[in-house]
Amino acid sequence: MSFWRSIKKIASVLVLVMLLNTAFAAITVSALPTHNELQQIQDELNLTESEIQELLLFIQENSTSIEEAIEADDNLRAKIDQYNEYSREFAMILAFADIASSQTSTISHLSDSNIQSEISPAVWPIVWAVVSAIIKAAVKKKMGKKIVQQIGRQFDEVVWPKIEPGIKREYEINGYSRNVGPESATEANGIRQGEHIISLYGQNGKEYLRLDVYTSQSRNHTRWHYHTKDDWKDHKGNVDLYHNSLPKWGSE
């Protein structure tokens with residue numbers, strides 16, 4: 001191969017690489033929210049650009065759990081669909097902001113000054129709306145479709161309103177970084193058949209809360225409660241439901 005043919009071949013490769021880089025850059029930019037969209041969200045929620053970016057990062061880091069929560073809740077899915085003119089992440093932010101604004105109690109942000117949160121106080125209520133949706137989705141996953149049909153509504157209307165304030169208080173103290181749900185590859189229906197529903201981990205990476213459900217031997221009585229890191233043996237909440245005998249957890 002001559003010298004000039006070699007030069008031409010190298011030049012062709014370089015041009016191809018430049019074209020591919022340009023194409024990928026265009027795709028990346030088009031996937032990002034526009035400045036106008038970002039400005040609209042800021043104005044509507046009265047948040048800074050930095051706070052919006054914090055919310056976007058939180059949603060991206062917890063996207064799997066959030067999508068499961070949306071799939072498990074028709075009302076949440078419908079609320080997000082109302083904002084379909086926005087990008088998916090911004091639609092989520094607006095929907096969860098709506099939920100946060102409708103809550104009667106407020107979030108005072110982290111009570112423990114020793115814990116450094118990555119999330120600004122202004123967006124803490126919106127994050128709690130996300131976390132509570134994740135918790136309720138874990139409950140439905142624990143139940144499975146058959147048990148949801150039996151007692152899902154009772155959980156939403158009787159159990160959750162009674163245990164949410166205590167769980168929210170723990171969230172205020174510890175924040176949220178991740179969760180461990182009821183899944184278990186080695187147990188029936190891929191769901192833990194014991195009491196565990198979901199564990200919450202704080203900003204320091206340590207577990208601080210476990211939501212559990214006790215089931216009587218006849219499976220016609222469940223007691224919903226939670227444990228906290230200050231005393232793991234103590235049962236808090238304790239809401240009893242009486243119902244027809246339940247199948248195994250996770251039954252579809």
Side-chain angles (χ1 to χ4, degrees), residues 19-110 117-141 145 148 152-153 155-157 160-161 164 167-168 171-172 175-179 181 198 200 203:
L19 288 172
L20 288 173
N21 285 338
T22 302
F24 283 127
I27 292 171
T28 302
V29 170
S30 66
L32 293 173
T34 65
H35 177 74
N36 288 340
E37 191 177 24
L38 179 61
Q39 188 64 53
Q40 283 179 312
I41 303 297
Q42 285 180 242
D43 294 343
E44 186 161 343
L45 300 182
N46 195 27
L47 296 174
T48 66
E49 182 175 345
S50 175
E51 289 163 345
I52 294 294
Q53 294 295 346
E54 288 174 11
L55 283 170
L56 286 171
L57 181 60
F58 179 82
I59 285 174
Q60 290 165 2
E61 289 177 342
N62 296 276
S63 59
T64 300
S65 294
I66 294 171
E67 290 294 351
E68 289 179 352
I70 295 168
E71 181 64 27
D73 189 332
D74 292 339
N75 292 329
L76 176 58
R77 185 163 59 253
K79 187 174 286 292
I80 290 173
D81 287 344
Q82 291 176 357
Y83 296 103
N84 58 12
E85 72 271 22
Y86 293 95
S87 64
R88 178 69 169 173
E89 289 81 4
F90 276 167
M92 290 180 186
I93 288 175
L94 288 166
F96 285 116
D98 285 348
I99 294 170
S101 66
S102 67
Q103 293 173 342
T104 54
S105 59
T106 59
I107 295 290
S108 60
H109 195 46
L110 295 180
S117 173
E118 298 175 356
I119 301 175
S120 302
V123 302
W124 213 243
I126 300 175
V127 174
W128 168 247
V130 177
V131 174
S132 61
I134 290 172
I135 294 171
K136 287 186 280 187
V139 171
K140 291 183 178 179
K141 183 177 290 186
K145 290 181 181 178
V148 166
R153 186 171 179 178
F155 177 85
D156 290 338
E157 297 179 357
W160 183 246
E164 182 190 17
I167 296 175
K168 184 188 291 186
Y171 159 83
E172 286 185 298
Y176 175 87
S177 60
R178 66 184 182 94
N179 73 85
I198 187 171
L200 302 184
Q203 292 290 329

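Because the structure is predicted, anything quoted here is derived from the model rather than measured.
Considering CG of L38 and CZ of F90, their distance stands at 5.0 Å, rounded to 0.5 Å. For the atom pair CD1 of I198 and CD1 of I134, the computed distance is 7.0 Å after rounding to the nearest 0.5 Å. The CD atom of Q53 sits 9.5 Å away from atom OG1 of T48, with the distance rounded to the nearest 0.5 Å. The OG atom of S177 sits 9.0 Å away from atom CZ of F58, with the distance rounded to the nearest 0.5 Å. Separation of atoms CG (L94) and CD (E44) is listed at 5.0 Å; rounding is to 0.5 Å. Between F96 atom CZ and I66 atom CD1 the span is 6.0 Å, to the nearest 0.5 Å.
Looking only at side-chain heavy atoms (C-beta outward), I41 and Y86 come within less than 4.5 Å of each other. Taking the side chain as every heavy atom from C-beta outward, I135 and L200 approach each other to under 4.5 Å.
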Please test I93 against E89 for side chain to side chain contact (heavy atoms under 4.5 Å, CB included), starting from the C-alpha separation and ending with a verdict.
CA-CA 6 Å; I93 288 175; E89 289 81 4; 5.5 Å; no
Quick one, M92 with R88, criterion side chain to side chain contact (heavy atoms under 4.5 Å, CB included). Give me CA distance, side-chain angles, the key distance, then yes/no.
CA-CA 6 Å; M92 290 180 186; R88 178 69 169 173; 3.4 Å; yes
Pair L76, I99 - check side chain to side chain contact (heavy atoms under 4.5 Å, CB included), show working.
CA-CA 9 Å; L76 176 58; I99 294 170; 3.7 Å; yes
Starting from the C-alpha separation in whole Å, work towards a yes-or-no answer on side chain to side chain contact (heavy atoms under 4.5 Å, CB included) for L55 and E51.
CA-CA 6 Å; L55 283 170; E51 289 163 345; 6.0 Å; no
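Considering every non-hydrogen atom in both P161 and F155, the closest pair reads CD-O, 4.2 Å. Closest of all the heavy-atom pairs between Y176 and Q203 is O-NE2, 3.1 Å. Considering all non-hydrogen atoms of both residues, A69 and A133 come closest at CB-O, 3.5 Å. In this structure, K140 and V148 approach most closely via the heavy-atom pair O-CG2, 4.0 Å. The two residues A100 and P125 come nearest to each other via the heavy atoms CB-O, 3.6 Å.
Within the 3.5 Å criterion, the main-chain N or O of V123 finds no donor-acceptor partner in the side chain of S120.
For E157, the side chain to side chain donor-acceptor pair (under 3.5 Å) test picks out R153, with sequence neighbours left out.
Summarising the local packing, CG of N46 is surrounded by 12 or fewer heavy atoms from other residues, nucleotides or ligands at distances under 6.0 Å.
Taking the six-membered ring where tryptophan is involved, the planes of Y171 and W128 are tilted, since the angle between them lies from 30° to 60°.
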